[in-house]
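Working notes for the structure below.
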2 protein chains.
Amino acid sequence: MTIKEIAKLANVSLGTVDRVIHKRGKVSKKTEEKILAIIEKVNYQPNIYARGLVLNKSYTIVALVPSFIEGEYWEMPSKGIKMAEKNLSQFGVNLNILYFDQNSVPSFNEKVDELLKLKPDGVILAPVINFEAVKLTKKLESGKIPFSLIDSNIPNSKALSFIGQDAFQSGKLAAKLLCSEINSQGTISIISIKNNENHNKTLQQRIEGFKDYIYNSNFIANITLIENNIHLGTANWEENLMQACTPTNNTVGIFVPSSMIHHVAKCIEANFDTMSNIKLVGNDLIANNVKYLKKGVINYLIGQRPENQGYLALESFYKHLVLGKSVPQKKYLPLDIITQENLMYYNDDVV
Amino acid sequence: MTIKEIAKLANVSLGTVDRVIHKRGKVSKKTEEKILAIIEKVNYQPNIYARGLVLNKSYTIVALVPSFIEGEYWEMPSKGIKMAEKNLSQFGVNLNILYFDQNSVPSFNEKVDELLKLKPDGVILAPVINFEAVKLTKKLESGKIPFSLIDSNIPNSKALSFIGQDAFQSGKLAAKLLCSEINSQGTISIISIKNNENHNKTLQQRIEGFKDYIYNSNFIANITLIENNIHLGTANWEENLMQACTPTNNTVGIFVPSSMIHHVAKCIEANFDTMSNIKLVGNDLIANNVKYLKKGVINYLIGQRPENQGYLALESFYKHLVLGKSVPQKKYLPLDIITQENLMYYNDDVV
DNA sequence: TTGTAGGCGTTATCAG
DNA sequence: CTGATAACGCCTACAA
């Protein structure tokens, strides 16, 4: 059903129908009602090709995400965003990725300036440097530029959508898997490994979830928890890590609430004679982690579909700007449990 | 870059450029080469809106899948196909779902006739009744109607794409999970439950994968396997099932290689005083299974994203027919491990 | 308040 | 062999 046909049905011209459809006024109430009724009745759907052709709009979306070196976590969301661009560029969605250094506020602000100069129609933001990210969202809000958040949320922000994972639940899941592997008894070591200075809410929530599971289980009496913090790049981080890995009493399991578990796995592997029965659970399917999962040093990895997060973030703008559809305000991606046995089908998994 | 601009660059009219692009001949070699070079250089991409508008083609895709009652497995692929239609109908992809009775060859053939009468531009087929399905694919091939297979494959068929799961690997994964739960010792019962008469390759492959894992593990000596077959709807299937569930010797785990594990779970729950420590692993997130997973009667479910399978099947025709893109010939969806802890984010998971 | 005409980029047809 | 032109459905400016 076209506008022309509706016009004929209503005995008006197609200009009038168009004005009704777009609520541009200047139509008498009577004809408006008549046209609306017809539109309703025939369930008129605009032809998106014709609309796309005449509007021929193109949208600039800028993504502001942490820089990375090959194999690091942030490569994956970037990859997903780029894949989405490949599919969506033909619909007028143009992408511009800006990378900032997670450890440098000036670098972030520099990129923010660059971003604003591009006058984007939408922004994808990874709020890793939380405080600065919040400032940016305020600016975007006042500039009426819609933004989507990936990875972690900024509560109370007016984001078009948040796409990420439920970190607390991720921690609970990790605890469940580790407990099942260690038969629910012994000492578990939680090792937080970070490569930046920022307060990492995700890490914290995973740890809380992990503890929550154990505290509320009925074998809590059989389990001891130890916590360690390692800061990559500091003077003696490797020694500290080695110490954290070394079995105290009867360490039977290690949980690393980040993608950095491969550092622990490397440690364990180097001392496999004494440590081979320590079970490892961590997050994220980055190449280094996968390597140790395949070797059996890591027992479970929990995935959060980072490529998908990136893909969906750009797609949310496509839906919002191009199709004019509504998009879910919050999207938690599934927490995938990855083992040697199902690893192979989790690789090319971007929609 | 538009055809018009290319025409100007090449000092020809846009008609000529169009003939080159569509290889319709009647262009001198010299001008053709010149135009091709320009197209290459400027990386010309046709405007899909304009193309869609003028072609204004619509495609009829017919899906032929098993009928179901609410909550059964086949509801999920159907749901996925319908969701895809919702997104793709505006691009001219029209869907027609035909349901056949898995236990009735005549019903299948009746639907095949109906299908052929619709003169579809593409067919989505669930080859559950294998022999008849093969016959249909032959007809489609000779009629040059492309088809996609979902759920299980027909090797050597000329399908546009197959979208399903690796059933063998699914069985291996089930074994791994069950072994981890039962601490790798005791008697495991494999209970095949079917609701139709067809030879079910998927079931068979899952069982083979399951055995393969155990035979190749180093705790094979500690595990005993028992196999049972239950045929839903036969005279005394409930008694048989009850018998199969009853612990012999030291049954510690049960594997049901289909979506029918809720029948076993019901059994176990009814005798929870004596059977509460039997671990259950099965397939598919249907409502009945989820219920027992939440209760803790079922320990793990393995998902195969059936909605996604349906969605991707229809989308493969969109990509093929509308966008003219190539689609992967074979797509195995990930084998998701579902527990109480990650269940909640696996529900609205269709792309 | 309403109707009309031109144009978006592509395809396909028809006349040269 | 090549160029000109109508049409697809929608939007917008402008005329009535």
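Throughout, a chain's letter reflects where its sequence line sits, starting with A, and its residues are numbered from 1.
- Atoms CG (A:Leu14) and C1' (D:dG9) sit 9 Å apart, rounded to a whole Å.
- Put simply, CD1 on B:Ile48 is 15 Å from C1' on D:dC8, counting in whole angstrom units.
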Quick one, B:Asp336 with A:Tyr346, criterion side chain to side chain donor-acceptor pair (under 3.5 Å). Give me CA distance, side-chain angles, the key distance, then yes/no. CA-CA 9 Å; B:Asp336 295 319; A:Tyr346 273 97; 2.3 Å; yes
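- Of the two residues contacting DNA chain C, namely B:Asp18 and A:Val12, the nearest-nucleotide position lying further toward the 5' end is that of A:Val12.
- Rounded to whole Å, atom P of C:dA12 lies 15 Å from atom NZ of B:Lys23.
- Look at B:Ser28 and you'll find a side-chain N or O under 4.0 angstrom from OP1 or OP2 of D:dT2.
- Nucleic acid contact for B:Val54: base, since at least one base atom lies under 4.0 Å from a heavy atom of the residue.
- Residue B:Thr31 places at least one side-chain N or O closer than 4.0 Å to OP1 or OP2 of D:dT2.
- With D:dG9, D:dC10, C:dT4 as the choices, the nucleotide that has an atom nearest any side-chain atom of A:Pro46 turns out to be D:dC10.
- Between A:Thr2 and D:dG9 there is no side-chain polar atom (N or O) within less than 4.0 angstrom of OP1 or OP2.
- Taking atom CD1 of B:Ile21 as the reference point, atom P of C:dG9 lies 14 Å away to the nearest angstrom.
- Judged by closest nucleotide on DNA chain D, B:Lys26 is the one of B:Leu53 and B:Lys26 placed further toward the 5' end.
- Ionic pairing of B:Arg24 and B:Asp18 is present here: one or more N-O contacts between side-chain nitrogen and carboxylate oxygen are shorter than 4.0 angstrom.
- Taking atom CD of B:Glu5 as the reference point, atom P of C:dC8 lies 11 Å away to the nearest angstrom.
- Rounded to a whole Å, the CD1 atom of A:Ile39 is 11 Å from the P atom of D:dC10.
- Distance A:Ile35 CD1 to C:dT1 P: 13 Å, rounded to the nearest Å.
- Using a 4.0 Å cut-off, some side-chain N or O of A:Thr16 falls inside it from OP1 or OP2 of C:dG3.
- Neither OP1 nor OP2 of C:dT1 sits under 4.0 Å from any side-chain N or O of A:Arg19.
- As rounded to whole Å, 15 Å separates atom C1' of C:dG9 from atom CD of A:Gln90.
- Defined by atom type and a distance below 3.5 Å, a donor-acceptor pair is missing between the side-chain atoms of A:Tyr59 and A:Asn94.
- Put simply, A:Asn47 has no side-chain N or O that comes within less than 4.0 Å of OP1 or OP2 on D:dC8.
- Contact check, A:Tyr44 against D:dC10: a side-chain N or O comes under 4.0 Å of OP1 or OP2.
- If you find the closest nucleotide of DNA chain D to A:Tyr49 and to A:Arg24, the one lying nearer the 5' end belongs to A:Tyr49.
- The heavy-atom pair separating A:Ala159 from A:Gln329 by the smallest distance is O-NE2, 3.3 Å.
- Under 4.0 angstrom from either OP1 or OP2 of C:dG9 there lies no side-chain N or O belonging to B:Arg51.
- One finds no salt bridge joining A:Lys82 and A:Glu85 here, because no Lys/Arg side-chain nitrogen approaches an Asp/Glu carboxylate oxygen to under 4.0 Å.
- Using a 4.0 Å cut-off between a side-chain N of Lys or Arg and a carboxylate O of Asp or Glu, B:Lys111 and B:Glu114 qualify as a salt bridge.
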